[in-house]
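All remarks here apply to the structure that follows.
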Amino acid sequence: MRFNIRVPDGFNFWRTVYSHGWCALPPFEIDKKNDCLIRVLDFASEKKVVAKISYLKKQTLNIFSSENLSKIEREEAVTQLRSCFRLDEDYSEFYTEANKNADFKWVPKAGAGRLLRAPTVFEDVVKMICTTNCSWALTEIMVDNLCKKLGFKLDDSYFTFPTPEVIAGFTEKYLRKEIRAGYRAPYILELSRRITKGNIDIEKWQTSGLSTEELFKKVRSVKGIGPYAAGNILKLLGRYDYLGIDSWCRGKFFEIHRNGKKCSDKVIENHYKHFGKWRGLFFWMDVTKDWYAKKFPF
DNA sequence: GCGTCCAGGTCTACC
DNA sequence: GGTAGACCTGGACGC
């Protein structure tokens, strides 16, 4: 079945899809041939479908679902996708700031700034842990294994992202060796078990009334999440006060602003300080600017 | 093909 | 509060 979702003025589908690496990690997948983003959706009714999302002109997303959905499931699909594409967030203040700075006038013109996220905070947090202290290739292996070995199998190609309950039922040894999470295994397991036991509700982070500083502390209290991971998780929660610097961003900053010469993170932080609560997003726009030259940057 | 070294964030112990 | 070392893996490199 097919259905549509209206998007706000200025929304750019491919710039949102390619806002960072999540589009290349399952249950997301890019289908370049058919010009769409694929996402496996998991519903409260326990139904799972493959959704193929493409952009129609006239500010509309078109969703092709592999199975018919009930009215409630369709509403749930719309809610999940609106959240993934950040359709209900207001970027007008960010774009006003961008237009004040010659180096960032391209951002509103490109419809950039929306960072793709998963339907659940849990998926984003586990994936973020899987990006720490390793190559992108290893992140892909870990996330692929999580979906294929612990997710729900729709067919040979499509799997859901595993729930905390499923992960909590496995051993640290399994996560280390079979998922290849290595020393990250106890962190993922502890988080899953805390959620399952009701000791922590990370889905509430999305609507938290805490100040960004307090929320940052809360995110950092999860083992395995340091300053880099917490800063980037906050960006996916719509808070951009932290840069979330990693070695790749550092290298990009040196290349763009220092002619390849190294500097401390403090210098990088000071460079974006004047952007206030948007500084994390300006930082990310800056280091990924060259992605916007191509429809499929990777 | 095998062994060694290094890069990549976070945690813990120690000063 | 700051720092060193351990954690684990893939990839690069030398032999």
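Computation of the quantities below employed the complete heavy-atom set of this structure, encompassing side-chain atoms and omitting hydrogens, waters and symmetry-equivalent molecules. Lettering of chains follows the sequences in order, A, B, ..., and the numbering in each one begins at 1.
A/R180 and A/D144 are not joined by a salt bridge, as no carboxylate oxygen comes within less than 4.0 angstrom of a charged side-chain nitrogen. A salt bridge does not link A/K277 to A/D241: none of the charged nitrogens lies less than 4.0 Å from a carboxylate oxygen. Salt bridge A/K289/A/D103: absent, no basic N to carboxylate O contact under 4.0 Å. Salt-bridge formation is not detected for the pair A/K217/A/E214: no Lys NZ or Arg NE/NH1/NH2 atom is positioned less than 4.0 Å from an Asp or Glu carboxylate oxygen. Salt bridge annotation for A/E75-A/K71: present, with a cationic side-chain nitrogen under 4.0 angstrom from a carboxylate oxygen.
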Listed pairs, N/O of protein and of nucleotides 11-15 of chain B, under 3.5 Å:
from	atom 1	to	atom 2	distance (Å)
B/dC11	OP1	A/G224	N	2.7
B/dC11	OP1	A/I225	N	3.4
B/dC11	OP2	A/R220	NH2	3.2
B/dT12	OP1	A/K223	NZ	3.4

Shorter than 3.5 Å, N or O on both sides, protein versus nucleotides 12-14 of chain C: list them out with atom names.
none

Quick one: which protein N/O atoms are closer than 3.5 Å to N/O atoms of nucleotides 4-8 of chain C? Pair and distance per line, please.
from	atom 1	to	atom 2	distance (Å)
C/dC8	OP1	A/R176	NH1	2.2
C/dC8	OP1	A/R176	NH2	3.4

Are A/K100 and A/E97 close enough, and set up right, to give a salt bridge (charged side-chain N to carboxylate O under 4.0 Å, His left out), and what steps lead you there? CA-CA 5 Å; A/K100 285 181 195 166; A/E97 281 302 308; 3.0 Å; yes
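Using a 4.5 Å heavy-atom cutoff, the side chains of A/D42 and A/F161 are not in contact.
Terminal axes of the helix from B/dG1-C/dC15 to B/dC15-C/dG1 (five pairs each, C1' rotation axis) are separated by 40°, to the nearest 10°.
Checking A/F282, A/F253, A/F283 one by one against A/H271, the ring pair (Phe, Tyr, Trp, His ring centres under 6.0 Å) holds for a single residue, A/F253. The one candidate from A/V125, A/T120, A/D124 that meets the side-chain contact (heavy atoms from CB on, under 4.5 Å) condition with A/F122 is A/T120. Exactly one of A/Y55, A/Y292, A/F85, A/F296 qualifies for a ring pair (Phe, Tyr, Trp, His ring centres under 6.0 Å) with A/W14. That residue is A/F296. The only member of A/W284, A/F275, A/F216, A/W278 that meets ring pair (Phe, Tyr, Trp, His ring centres under 6.0 Å) when paired with A/Y240 is A/W278.
A/F64 forms part of no hydrophobic cluster, judged by ILVMFWY side-chain heavy-atom separations under 4.5 Å.
The aromatic rings of A/Y174 and A/F170 lie tilted to each other, with the angle between the two planes from 30° to 60°. Using bins of under 30°, 30° to 60° and over 60° for the plane-to-plane angle, the ring pair A/Y91/A/F94 lands in the perpendicular bin.
C/dT9 atom C1' lies 16 Å from atom CG of A/D144, rounded to whole Å. The separation between A/N145 atom CG and C/dT9 atom C1' is 13 Å, rounded to whole Å. Atom NZ of A/K266 is separated from atom P of C/dG1 by 14 Å (rounded to the nearest Å). Taking atom CD1 of A/I141 as the reference point, atom P of B/dG8 lies 17 Å away to the nearest angstrom. For the pair A/I188 CD1 and B/dT10 P, the computed distance is 14 Å after rounding to whole Å.
Checking side-chain atoms of A/K197 against main-chain N and O of A/I195 turns up no donor-acceptor pair under 3.5 Å.
For residues 230-251 of chain A, proximity to DNA chain C is found at no residue, defined as any non-hydrogen atom under 4.0 angstrom from a strand atom.
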